[in-house]
Amino acid sequence: MLEKEYYPQQIEKKWFDIWEKSNPYRADDNSSKPKYYALSMFPYPSGKLHMGHVRNYTITDVVARFKKAQGYNVLHPMGWDSFGLPAENAAIQHGANPETWTLDNIAYMKKQLKMLGLSVDWDREVTTCLPDYYKWTQWLFIQLYKKGLAYKKTAPVNWCDKCHTVLANEQVIDGKCWRCDSEVTKKNLSQWFLKITDYSEELLKDLDLLTGWGDNVKTMQSNWIGKSEGAILKFKVKEIEGLEIPVYTTRADTVYGITYLVVAPEYKDIEKLTTPENMQKVQEYRENAKKLSEIERLSTERIKTGVPLGTHFINPFTGRVCPIWVADYALVDYGTGAVMAVPYHDDRDFDFAKKYNLPMIQVITGDDFVDGKCYTNKQGKLINSAQFDGMRADEAREKITKFAIEKGFGEFKTQYRLRDWLVSRQRYWGAPIPVVYCPKCGAVPVDEKDLPVLLPKDVDFKVQGKSPIETSPTFKKAICPVCGGLAERETDTMDTFVCSSWYYMRYSDAKNDKKCFDKDLVNKWLPVDQYIGGIEHAILHLLYSRFITKALRDCGLLDFDEPFKNLLTQGMVLKDGSKMSKSKGNTVDPDDIYKNFGADTARLFILSDSPPARDFDWTDAGVEGCYKFICRVYRLFSKYQNQIKLDYNFDFSKLSKKDSDLVRETHIAIKKITNDIENEFQFNTVISRYREFTNSIYDYIANESEINYDVLSFALLTLLKLISPVCVFMAEEIYSSLGGADSIHNISWCKYDDNLAKTANITLIVQVNGKIKDKLEVEADLSDDKLKELATSAPKTAEFIQGKTIVKTIVVPNKLVNIVVK
RNA sequence: GCCGAUGUGGCGAAAUUGGUAGACGCACCAGACUCAAAAUCUGGCGUGGUUCACCCCACGUGCCGGUUCGACUCCGGCCAUCGGCACCA
């Protein structure tokens, strides 16, 4: 029996306990049904769920439940991105053990997720900080190493002093650390990299295959990869026989306008290129450049500086001899580290030449050319460029490069902005990089049978200035797997983004202790059909995962090219106009919502007001509104629980108008809700339909004596099924109280009859010259001629037509008639 | 500077192929129920004009222009907000 009023706490507790015991949402590896893989970005176990999590996982859960009801074999897993600095910082600050801290948080948050009613297959739970997972992260690292995709090199890398570790390029946001927001400096260190640049072109090109991704994310990735097509041109140094300076340019069409050349302060040949009399000034300049922070140096606002080296180069096109300068607006790690300067046609060169009084030569002109101003139009015509005069700039670019190739001082070159992924971290709480250093054999990967390389427990977290892992008295000692001699273990751990770049593959075979995953299983379940998470991973996680997928494909471990077929980036959860955050004090604790209104209310509300991709504004009034709606639905069922028939039966042709109208409303509701879910998961309109349909049912029952209980049963049970993916606890409670044998969540999705999914009458709009003059209630599906006749003879239209000539009449079936008169 | 997204009532928003702009909700107002309140149910709710009122008329989807019988929707040109990239040669 249903209670008269709705008590969410009791109902949700009851089903929480039942589902806890049965784990009813196992994905079946052997099912013959088509598979559907619904995936949420897994959480970092920071302590408690926040509303962003609630939104993310509710959306994915409704998708998973909808697809299951539609007959798919659904995989909807969950896990924990559980390595990373917060655990280590807790250890440093409160003396906690990072592992205990992390596992405690996981236990708490797991319970919160279960209270949210997620249809997750908990048998496949993955925890990246546990050895049964990171063993395989290490194993994958070794496969990449063998394939030449993991390597160690000394390079200027990003260093965060506060986090005391290096960072990947992707983790430096506006010159600051992505985690702690402190300024990042450059350090020259020997570090491990993954060769993502081998895949630059494929990562860019395959964005076109990702038709289920938003343009925003694809554009961000494309910007980040930063492809540019140009040429390398080589210039001979006048003073030094045999020395050449190659430059990279996308504007080969401007070579006749070169008046100087700039090298970066870190340029490799810079000392050779400096004359003794300039040496002191050049060295001073370089020292100064080193002191500047990345932020200062990359600021476009800054006034450009530089000093001449004293040497010169010969422009092979013109034979002109021009000076070589050092200036920090040339970047050592892009192109060749040297830039040809064409002041008249490049803003930066223009500023620089003005400041130091360097000559300018105009070589491009056009209608919009203004004398004395830098002219960067790429459609202009060449002048002062010998045989290339009169050509359009974009054509000349190719011709001039070809000319340079023929003469042996140039080549075409495609350049990418993307850099290799720096993956080593000087921190404790991560997967140890499985490498040992042997005095004889150098850096050697650990023998695969010796994996995992376990994190040592005998460490001191309070140590300053180095990784806690270094304080272990035992960890470093190792035997070289090649020669058997004494060796030293690598103490760096991996970037957590390595762990998270393959977790969604592990779900396909989460408990396998022989392999990272079975090839057949990973090929069966992946690619992910729908991935849902925050936009903040547009570059980081999503780019890394795409790279790892392609790399593992090339290692022969799987057979697909892209990991995520469809991607939904959900908007933020706001309150009072800004993002919920502890510092602003505008957070809402999911536990409080569970306690006061129940998880079903939280789920309904978080889906209700905005489409998933847009930001969502949390309001207390909105939550209450949703709670009231759930009560309103519940009351319908509790009121008629004795009349509702699970085996309802009626003959549509014999129904009264009122009954048949409700049947039609029911079919319309099924159709619209199904379409709205399938069309980009527009849950906000889905919920509007729930309300509309519920309002229709309330209208229907207004007169008790006219109720046909078979028709009412049909409508109510349909509503219950339609609402069941969102209000999971209430739907289950009602259905089981009505005597349903199975769980409502195991019942197939409702079908609709297209002939019944429309109203019996329509409102015909009558326009004269495009202005609405009348609205007529008429039978649906009348012929065009009949509609025309009805419209012209309508009394209100008559006065507008009278005395005028009808030029034409436009009929839109079932909608409108427009009479055009003169 | 380049690229992407967005722009509709007091607020969140809706609107197959161009075809009733504002569905659904929040807030607000009124009525019913009640001794009263809450809850619940019913109705109203873009702006301006006109009217005792019903009606009716004009305007209205960031701005300007165009195509069309008809434009939130298509085209051209702007503006604003948010986000990404950026001394990348």
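Each chain gets a letter, A, B and so on, in the order the sequences are listed, and its residues count up from 1.
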G-U wobble or Watson-Crick pairing nucleotide for [N] (cut-off 3.5 Å, both distances):
N: B:rU68; value: none
N: B:rA39; value: none
N: B:rC88; value: none
N: B:rG7; value: B:rC79
N: B:rA53; value: none

Ring-face cation contact, A:Y698 with A:R632, 6.0 Å cut, 45° max: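 Yes; both conditions hold, so A:R632 lies above the ring face of A:Y698.
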
What does [X] touch in the nucleic acid at a heavy-atom separation under 4.0 angstrom: a base, only the sugar-phosphate, or nothing?
X: A:K771; result: sugar-phosphate
X: A:Q767; result: base
X: A:N695; result: sugar-phosphate
X: A:D617; result: nothing
X: A:A613; result: nothing
X: A:R417; result: base

What's the closest nucleotide to the side chain of [X] if the choices are [options]?
X: A:I772; options: B:rG12, B:rA39, B:rA21; result: B:rA21
X: A:K628; options: B:rU40, B:rA27, B:rC85; result: B:rU40
X: A:T763; options: B:rC69, B:rA23, B:rU20; result: B:rU20
X: A:K773; options: B:rC57, B:rC41, B:rG4; result: B:rC57
X: A:D699; options: B:rU42, B:rG83, B:rC3; result: B:rU42
X: A:T249; options: B:rA89, B:rG4, B:rC87; result: B:rA89
X: A:V812; options: B:rG19, B:rA23, B:rA14; result: B:rG19
X: A:R348; options: B:rC85, B:rC88, B:rA27; result: B:rC88
X: A:N223; options: B:rA14, B:rA89, B:rC85; result: B:rC85
X: A:S610; options: B:rU17, B:rC88, B:rG12; result: B:rG12

query: Between A:K579 and A:D615, is there a salt bridge with N-O shorter than 4.0 Å?
result: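 A salt bridge is absent here (no side-chain N lies under 4.0 Å from a carboxylate O).
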
When the [atom1] atoms of [M] and [N] are compared, how many Å lie between them, rounded to an integer?
N: B:rC33; M: B:rG18; atom1: C1'; value: 48 Å
N: B:rG22; M: B:rC72; atom1: C1'; value: 11 Å
N: B:rU61; M: B:rA14; atom1: C1'; value: 12 Å
N: B:rA39; M: B:rA30; atom1: P; value: 15 Å
N: B:rG62; M: B:rC11; atom1: P; value: 14 Å
N: B:rU8; M: B:rU73; atom1: P; value: 14 Å
N: B:rG76; M: B:rC88; atom1: C1'; value: 33 Å
N: B:rC63; M: B:rG10; atom1: P; value: 14 Å

Just N and O in the side chain of [X]: are any of them under 4.0 Å from OP1 or OP2 of [N]?
X: A:N818; N: B:rG19; answer: no
X: A:Y690; N: B:rC24; answer: no
X: A:R635; N: B:rC41; answer: yes
X: A:Q682; N: B:rA15; answer: yes
X: A:R632; N: B:rC41; answer: yes

message: Any donor-acceptor pair, under 3.5 Å, between the side chain of A:S688 and the base of B:rA23, if you only look at N and O atoms?
response: yes

query: Within the modelled atom types, does a donor on one side and an acceptor on the other bring the side chain of A:K808 and the base of B:rC69 under 3.5 Å apart?
result: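 No.
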
- prompt: Parallel, tilted or perpendicular: which describes the rings of A:F352 and A:W325, with under 30° parallel and over 60° perpendicular?
  reply: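 Rings of A:F352 and A:W325: perpendicular, as their planes differ by over 60°.
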
[X] has an atom [atom1]; how far is it from atom [atom2] of [N], in whole Å?
X: A:K218; N: B:rC85; atom1: NZ; atom2: P; answer: 19 Å
X: A:L207; N: B:rG4; atom1: CG; atom2: P; answer: 14 Å
X: A:R689; N: B:rA23; atom1: CZ; atom2: P; answer: 12 Å
X: A:Y698; N: B:rG25; atom1: OH; atom2: P; answer: 13 Å
X: A:I539; N: B:rG83; atom1: CD1; atom2: P; answer: 14 Å
X: A:E5; N: B:rU40; atom1: CD; atom2: C1'; answer: 9 Å
X: A:Y6; N: B:rA39; atom1: OH; atom2: P; answer: 19 Å
X: A:N769; N: B:rU68; atom1: CG; atom2: P; answer: 15 Å

- prompt: So, A:Y285 and A:T305: side-chain donor and acceptor under 3.5 Å apart, yes or no?
  reply: yes

- prompt: Which way is the base of B:rG7 turned, syn or anti, if we draw the line at 90° from 0?
  reply: anti

message: With a sphere of 6.0 Å drawn around CG of A:N679, does it hold more than 12 non-hydrogen atoms of other residues, nucleotides or ligands?
response: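 Yes, enclosed.
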
message: Counting neighbours of NZ on A:K658 that are heavy atoms of other residues, nucleotides or ligands and sit closer than 6.0 Å, is the number greater than 12?
response: yes

- request: Take A:G337 and A:I810, find for each the nucleotide of RNA chain B with the closest heavy atom, and name the residue whose nucleotide sits nearer the 5' end.
  value: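 The residue closer to the strand's 5' end, by nearest nucleotide, is A:I810.
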
- request: Just do the ring pair (Phe, Tyr, Trp, His ring centres under 6.0 Å) check on A:F409 and A:F317 with the steps written out, would you?
  value: CA-CA 10 Å; A:F409 52 82; A:F317 293 92; 5.2 Å; yes

field: A:Y634 side chain vs A:E3 backbone, donor-acceptor pair below 3.5 Å
entry: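 Confirmed, A:Y634 side chain pairs with A:E3 backbone.
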
- request: Examine distances only and state if a side-chain atom of A:D420 and a backbone atom of A:I196 form a donor-acceptor pair shorter than 3.5 Å.
  value: yes

